[in-house]
Amino acid sequence: MITVLKVPGTVNLQVNSRRFSGFKGKNPSYQKMGKSCFSVSAVISTENVDKLVVQPKNVAIPVMVNSCMGKMGKSVIEAAVNAGLHIVPVSFGAAEESGQSVQIGGKEIQVHSQSEREDILASTYEKYPNLVVVDYTVPTAVNDNAELYCKVGVPFVIGTTGGDRERLYKTVEDTNNYAVISPQMGKQVVAFLAAMEIMAEQFPGAFTGYSLQVMESHQSNKKDASGTAKAVISCFQKLGVNFDLDQIQLVRDPQQQVEMVGVPEEHLSGHAFHLYHLTSPDQTVSFEFQHNVCGRSIYAEGTVDAVLFLAKKVQSKATKRIYNMIDVLREGNMR
């Protein structure tokens with residue numbers, strides 16, 4: 001039995017009750033045998049979603065997007081421009097990008113090297129005292145960038161995965177800076193994560209003895225395991241499942257992504273497919289959770305919401321300084 005809940009143009013949620021087993025064939029969840037299974041999946045296509053335009057009340061919020069020549073950086077700039085935010089004309093980039101001037105979202109942005117970043121950030125923050133920085137750089141730059149933002153005192157939204165996360169949080173805490181830190185900016189995916197955390201908190205050990213298989217597929221240049229997958233696995237561990245992160249099946253080969261996972265070819269360069277499959281100790285019951293994202297606009301739109309949220313917290317001099325996307329969702333005023 002299949003029940004589909006549709007939100008026009010954005011998200012389809014599918015709940016399946018079916019029979020299957022094992023990872024086999026095209027999309028490992030789809031060819032199973034002889035077992036009772038309950039499946040929850042979310043398939044999100046973001047390429048044709050009508051863009052939401054926020055009225056000029058947000059135009060005073062200046063935003064600096066670092067790594068603006070990257071695919072996520074470009075998507076965030078386009079979403080921010082459509083939301084009425086002001087993109088400042090500077091950004092940090094890789095050494096080979098330094099000195100370039102690029103046009104993104106109708107805005108001309110000058111890219112500076114890492115060696116210039118402290119002076120550039122300080123002067124930009126002086127010029128735009130309400131500045132919020134958005135960081136979609138690389139895992140190896142996470143901690144150094146956060147330390148710079150905190151040294152200058154500029155609030156920031158960071159969606160970059162990896163780095164030393166404990167050190168990242170300590171840096172922000174020690175400097176009392178404002179930040180939204182989240183490896184997952186897609187609002188609907190974050191809502192799913194929140195539901196998983198609630199289940200893990202309220203029903204610890206509910207899946208004790210169950211085995212877990214995890215597969216995640218991303219564009220080939222993503223080297224690390226998905227932060228979202230790690231967060232979901234953490235919930236399953238609290239629910240009693242024994243699983244190590246090195247057991248995650250990372251799919252980065254484009255041919256496998258098309259033939260085994262079922263990724264549309266046009267989204268090979270930007271997608272996030274996740275599958276979590278639980279099996280009971282006696283192999284008679286299976287549960288499956290799946291969320292698939294094509295494109296990047298879901299993350300870009302969530303990032304803009306995080307910027308608006310953080311700017312409001314800074315303006316109100318909120319006591320709490322470190323936030324995540326669940327905090328943004330709970331605020332309840334997303335576009």
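This structure is a prediction, so every number in the text was calculated from the model and none was measured.
Partners of D144 according to the salt bridge (Lys or Arg N to Asp or Glu O under 4.0 Å) rule, which considers only residues two or more places apart in sequence or in another chain, are R167. Looking at residues two or more places apart in sequence or on another chain, you find no side-chain hydrogen bond (donor to acceptor under 3.5 Å, both in side chains) involving H112. Legend: residues meeting side-chain hydrogen bond (donor to acceptor under 3.5 Å, both in side chains) with T160, ordered by chain and number and at least two apart, are D135. For the side-chain hydrogen bond (donor to acceptor under 3.5 Å, both in side chains) test, residues two or more places apart in sequence or in another chain that qualify with S101 are E108. Scanning for ring pair (Phe, Tyr, Trp, His ring centres under 6.0 Å) contacts around F156 gives Y149, with sequence neighbours left out. Checked against side chain to side chain contact (heavy atoms under 4.5 Å, CB included), E126 has no partners two or more places apart in sequence or in another chain. Applying the ring pair (Phe, Tyr, Trp, His ring centres under 6.0 Å) rule to H218 yields the partners H274; only residues at least two apart in sequence or on another chain are considered.
Looking at Q247 and V214, their side chains never come closer than 4.5 Å, going by heavy atoms from C-beta outward. Counting heavy atoms from C-beta outward, T175 and E147 have side chains that stay 4.5 Å or more apart. At a threshold of 4.5 Å between non-hydrogen side-chain atoms, the residues Q290 and M215 do not count as touching. Contact annotation: the side chain of I77 never approaches that of V134 to less than 4.5 Å [non-hydrogen atoms, C-beta and beyond]. The closest side-chain heavy-atom distance from V142 to I158 is below 4.5 Å. Side-chain contact between L85 and L308 is present, with at least one heavy-atom pair separated by less than 4.5 Å. Side-chain contact check for C150 versus V172: some heavy-atom pair is nearer than 4.5 Å. Residues P62 and N130 are in side-chain contact: their nearest non-hydrogen atoms beyond the backbone lie under 4.5 Å apart.
Under the 3.5 Å distance criterion, the side-chain polar atoms of S67 are left unmatched by any main-chain donor or acceptor of T137. In terms of modelled atom types and a separation under 3.5 Å, the side chain of Q184 and the main chain of G186 share a donor-acceptor contact. A side-chain donor-acceptor contact under 3.5 Å links N177 to the backbone of V154.
Hydrophobic clustering of Ile, Leu, Val, Met, Phe, Trp and Tyr side chains at less than 4.5 Å, counting indirect connections, unites V63 with V111.
To the nearest 0.5 Å, atoms CD (Q114) and CZ (F92) are separated by 7.5 Å. Taken to the nearest 0.5 Å, the CD1 atom of I61 stands 11.0 Å off from the NZ atom of K312. With rounding to the nearest 0.5 Å, the separation of CG in N221 from CZ in R252 is 9.0 Å. Of the inter-residue distances, the one linking M69 atom CE with S91 atom OG reads 9.5 Å to the nearest 0.5 angstrom. Annotation: the span from I248 atom CD1 to Q213 atom CD amounts to 13.0 Å, rounded to 0.5 Å. With rounding to the nearest 0.5 Å, the separation of CD1 in I109 from NZ in K74 is 10.5 Å.
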Go through the steps for E216 and S226 under the test side chain to side chain donor-acceptor pair (under 3.5 Å), then give the verdict.
-> CA-CA 7 Å; E216 60 99 325; S226 162; 4.9 Å; no
Side chain to side chain contact (heavy atoms under 4.5 Å, CB included) evaluation trace for V102 with C68 | CA-CA 9 Å; V102 294; C68 70; 4.0 Å; yes
Step by step, work out the side chain to side chain donor-acceptor pair (under 3.5 Å) result for D253 and S220.
-> CA-CA 6 Å; D253 179 71; S220 59; over 6 Å; no
Side chain to side chain contact (heavy atoms under 4.5 Å, CB included) between V293 and Q188: does it pass, once the steps are laid out?
-> CA-CA 10 Å; V293 175; Q188 293 82 5; over 6 Å; no
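Remark: the D282 side chain and the T284 side chain contain an N/O donor-acceptor pair separated by less than 3.5 Å. With 3.5 Å as the limit, one finds no donor-acceptor pair spanning the side chains of T171 and N143. There is a side-chain donor-acceptor pair under 3.5 Å between S217 and Q257.
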Pairs of donor and acceptor atoms involving the side chains of residues 320-329, under 3.5 Å and at least two apart or interchain, shall be tabulated with distances.
{"residue": "K320", "atom": "NZ", "partner": "D327", "partner atom": "OD1", "Å": "3.2"}
{"residue": "K320", "atom": "NZ", "partner": "D327", "partner atom": "OD2", "Å": "3.4"}
{"residue": "R321", "atom": "NE", "partner": "Y178", "partner atom": "OH", "Å": "3.2"}
{"residue": "R321", "atom": "NE", "partner": "A318", "partner atom": "O", "Å": "3.3"}
{"residue": "R321", "atom": "NH1", "partner": "N176", "partner atom": "O", "Å": "2.6"}
{"residue": "Y323", "atom": "OH", "partner": "K320", "partner atom": "O", "Å": "2.6"}
{"residue": "N324", "atom": "OD1", "partner": "I326", "partner atom": "N", "Å": "3.0"}
{"residue": "N324", "atom": "OD1", "partner": "D327", "partner atom": "N", "Å": "3.0"}
{"residue": "D327", "atom": "OD2", "partner": "N324", "partner atom": "N", "Å": "2.9"}

For residues 229-246, which side-chain donor-acceptor pairs fall under 3.5 Å, sequence neighbours excluded?
{"residue": "Q237", "atom": "NE2", "partner": "F243", "partner atom": "O", "Å": "2.6"}

Without placing hydrogens or testing angles, list every side-chain donor-acceptor pair under 3.5 Å for residues 116-123, not counting sequence neighbours.
{"residue": "E116", "atom": "OE1", "partner": "S113", "partner atom": "N", "Å": "3.0"}
{"residue": "E116", "atom": "OE1", "partner": "S113", "partner atom": "OG", "Å": "3.3"}
{"residue": "R117", "atom": "NH1", "partner": "N145", "partner atom": "OD1", "Å": "2.6"}
{"residue": "E118", "atom": "OE1", "partner": "K151", "partner atom": "NZ", "Å": "3.4"}
{"residue": "E118", "atom": "OE2", "partner": "K151", "partner atom": "NZ", "Å": "2.9"}
{"residue": "S123", "atom": "OG", "partner": "D119", "partner atom": "O", "Å": "3.1"}
{"residue": "S123", "atom": "OG", "partner": "I120", "partner atom": "O", "Å": "3.0"}

Would you give me the side-chain donor-acceptor pairs under 3.5 Å for residues 192-212, sequence neighbours excluded?
{"residue": "T208", "atom": "OG1", "partner": "G205", "partner atom": "O", "Å": "2.8"}

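Aromatic ring centroids of F273 and H271 lie under 6.0 Å apart.
Of all heavy-atom pairs between K71 and S269, the closest is NZ-CB, 3.6 Å.
Counting only residues at least two apart or on different chains, the ring-ring contact (aromatic ring centres under 6.0 Å, His included) pairs with a member in residues 121-145 are H86-Y128.
Within a 6.0 Å sphere centred on CD of E96, heavy atoms belonging to other residues, nucleotides or ligands number more than 12.
With respect to the salt-bridge test (charged N to carboxylate O, under 4.0 angstrom), the residues E78 and K107 do not qualify.
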